[in-house]
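For reference, the structure discussed in these notes is given below.
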Amino acid sequence: MAEQKAASIRARVRAEMVDEIKRVARRHLAVDGANLSLRAVARDLGMVSSAVYRYFASRDDLLTALILDAYNALGDAAERAEAAVPRGDLLGRWLAVADGLRGWALAHPEEYALIYGSPVPGYAAPVDTVEPSTRPVVLLGGILADAWRAGLLVDHGDDPLPPALAAEVRRIAEFTGADVPEYAMVRGLLAWTELFGALSFELFGRINNTILERDAWFAHQVRAMAAYTGLR
């Protein structure tokens, strides 16, 4: 019993230390971007750098932890927003997802930049970051599938895809659970990429001195994207 209690205390202390290291690292993101230094993080914590390595074996391990946290926090925000809308209100669910993503991004611009900004030189994200990164698109895929079952998605006669690209789109549809025709999935993917393009343009200052009414502009964009997919 005493050994179990001691192990529990050690685990709790370790978890608290990991959280504190990540908290300081996020503060560094605001100043230095993804150019993280374990030595600098250790200095802010009042620790020797070798002590930090007990928790994160390398800078890349710390970056991966921050990336996973950011993807999951973004996914949580989108899923909470979408879950609050009645299932039959497909347009409302799409708008809620978009607003949830934007709200999180505006509140956490440095973390958004970490996952959707420029790639970090010398860093290769491990495979375990893939699933968390797809949570928003899986959510949107579910809305698209519900719209198809409701008869809202219409074939507009868009140009067919080359065979190799069509196969990739089918794989994405299978992964997201969007059991919809190719034309519907293509429009859904275009809307998804435009949504994150809109977020990135706003977060990275691409519409500074161009669009001042940011809320109204974003609302207009996401409604136009929804209409393009068939959600009206």
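Quick caveat, the model's predicted, so the values are computed rather than measured.
Hydrophobic clustering places I115 together with L106 (ILVMFWY residues linked when any side-chain heavy atoms are closer than 4.5 Å, directly or through intermediates). Residue V138 is not grouped with residue V130 when hydrophobic side chains (ILVMFWY) are merged at heavy-atom distances under 4.5 angstrom, including chains of intermediate members. Residues I21 and L68 do not share a hydrophobic cluster, clusters being chains of Ile/Leu/Val/Met/Phe/Trp/Tyr side chains in contact below 4.5 Å. By the criterion of side-chain heavy atoms lying less than 4.5 angstrom apart, applied directly or through intervening Ile, Leu, Val, Met, Phe, Trp or Tyr residues, Y53 is grouped together with M17 in one hydrophobic cluster.
A cation-pi arrangement is absent between R135 and Y71 under the rule of less than 6.0 angstrom and at most 45 degrees off the ring axis.
Separation of atoms CD (E79) and CG (L74) is listed at 9.5 Å; rounding is to 0.5 Å. The CG atom of L231 lies 8.5 Å from the CG atom of L95; values are rounded to the nearest 0.5 Å. The CG atom of N208 sits 7.5 Å away from atom OG1 of T210, with the distance rounded to the nearest 0.5 Å. Rounded to the nearest 0.5 angstrom, L63 CG and F56 CZ are separated by 10.5 Å. Taken from CG in L91 to CD1 in I143, the straight-line distance is 9.5 Å, to the nearest 0.5 Å. Distance check, rounded to the nearest 0.5 Å: OG1 of T229 to CD of E194 gives 11.0 Å.
The one candidate from L140, L139, D146 that meets the side chain to side chain contact (heavy atoms under 4.5 Å, CB included) condition with R93 is D146.
Applying the ring pair (Phe, Tyr, Trp, His ring centres under 6.0 Å) test to residues at least two apart or on different chains, the pairs with a partner in residues 113-155 are Y112-Y116, Y116-F196.
With a 6.0 Å radius and a threshold of 12 heavy atoms from other residues, nucleotides or ligands, R214 has its CZ atom above the threshold. Heavy-atom contacts from other residues, nucleotides or ligands closer than 6.0 Å to CZ of F201 number 12 or fewer. Annotation for R223: atom CZ does not count as buried by contact number, only 12 or fewer foreign heavy atoms lying within 6.0 Å.
Residues M225 and Q221 form a side-chain contact, since some pair of their non-hydrogen atoms from C-beta on lies under 4.5 Å apart. Under the 4.5 Å side-chain criterion, counting only non-hydrogen atoms from C-beta, S49 is not in contact with L38. By the 4.5 Å heavy-atom criterion applied to side chains, W192 and L189 are counted as neighbours.
Every ring-ring contact (aromatic ring centres under 6.0 Å, His included) that H108 has, sequence neighbours left out, goes to W104. Under the salt bridge (charged side-chain N to carboxylate O under 4.0 Å, His left out) criterion, R27 pairs with D44, not counting sequence neighbours. Applying the salt bridge (charged side-chain N to carboxylate O under 4.0 Å, His left out) criterion to R23, with sequence neighbours excluded, gives E20.
Closest non-hydrogen pair, A25 versus L36, comes out as O-CD2, 3.6 Å. The two residues R87 and V85 come nearest to each other via the heavy atoms NH2-O, 2.8 Å.
Formation of a donor-acceptor pair under 3.5 Å by the T134 side chain with backbone atoms of E131 is found in this model. In terms of modelled atom types and a separation under 3.5 Å, the side chain of T176 and the main chain of I172 share a donor-acceptor contact.
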Report, one line per pair, each donor and acceptor closer than 3.5 Å where one atom sits in a side chain of residues 151-163; sequence neighbours left out.
{"unit_1": "D155", "atom_1": "OD1", "unit_2": "G157", "atom_2": "N", "d": "2.8"}
{"unit_1": "D158", "atom_1": "OD1", "unit_2": "R187", "atom_2": "NH2", "d": "3.0"}
{"unit_1": "D158", "atom_1": "OD2", "unit_2": "R187", "atom_2": "NE", "d": "2.8"}
{"unit_1": "D158", "atom_1": "OD2", "unit_2": "R187", "atom_2": "NH2", "d": "3.4"}

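Grouping Ile, Leu, Val, Met, Phe, Trp and Tyr residues whose side-chain heavy atoms lie under 4.5 Å apart, directly or via other members, leaves V48 alone, with no other cluster members.
Using a 4.0 Å cut-off between a side-chain N of Lys or Arg and a carboxylate O of Asp or Glu, D69 and R26 qualify as a salt bridge.
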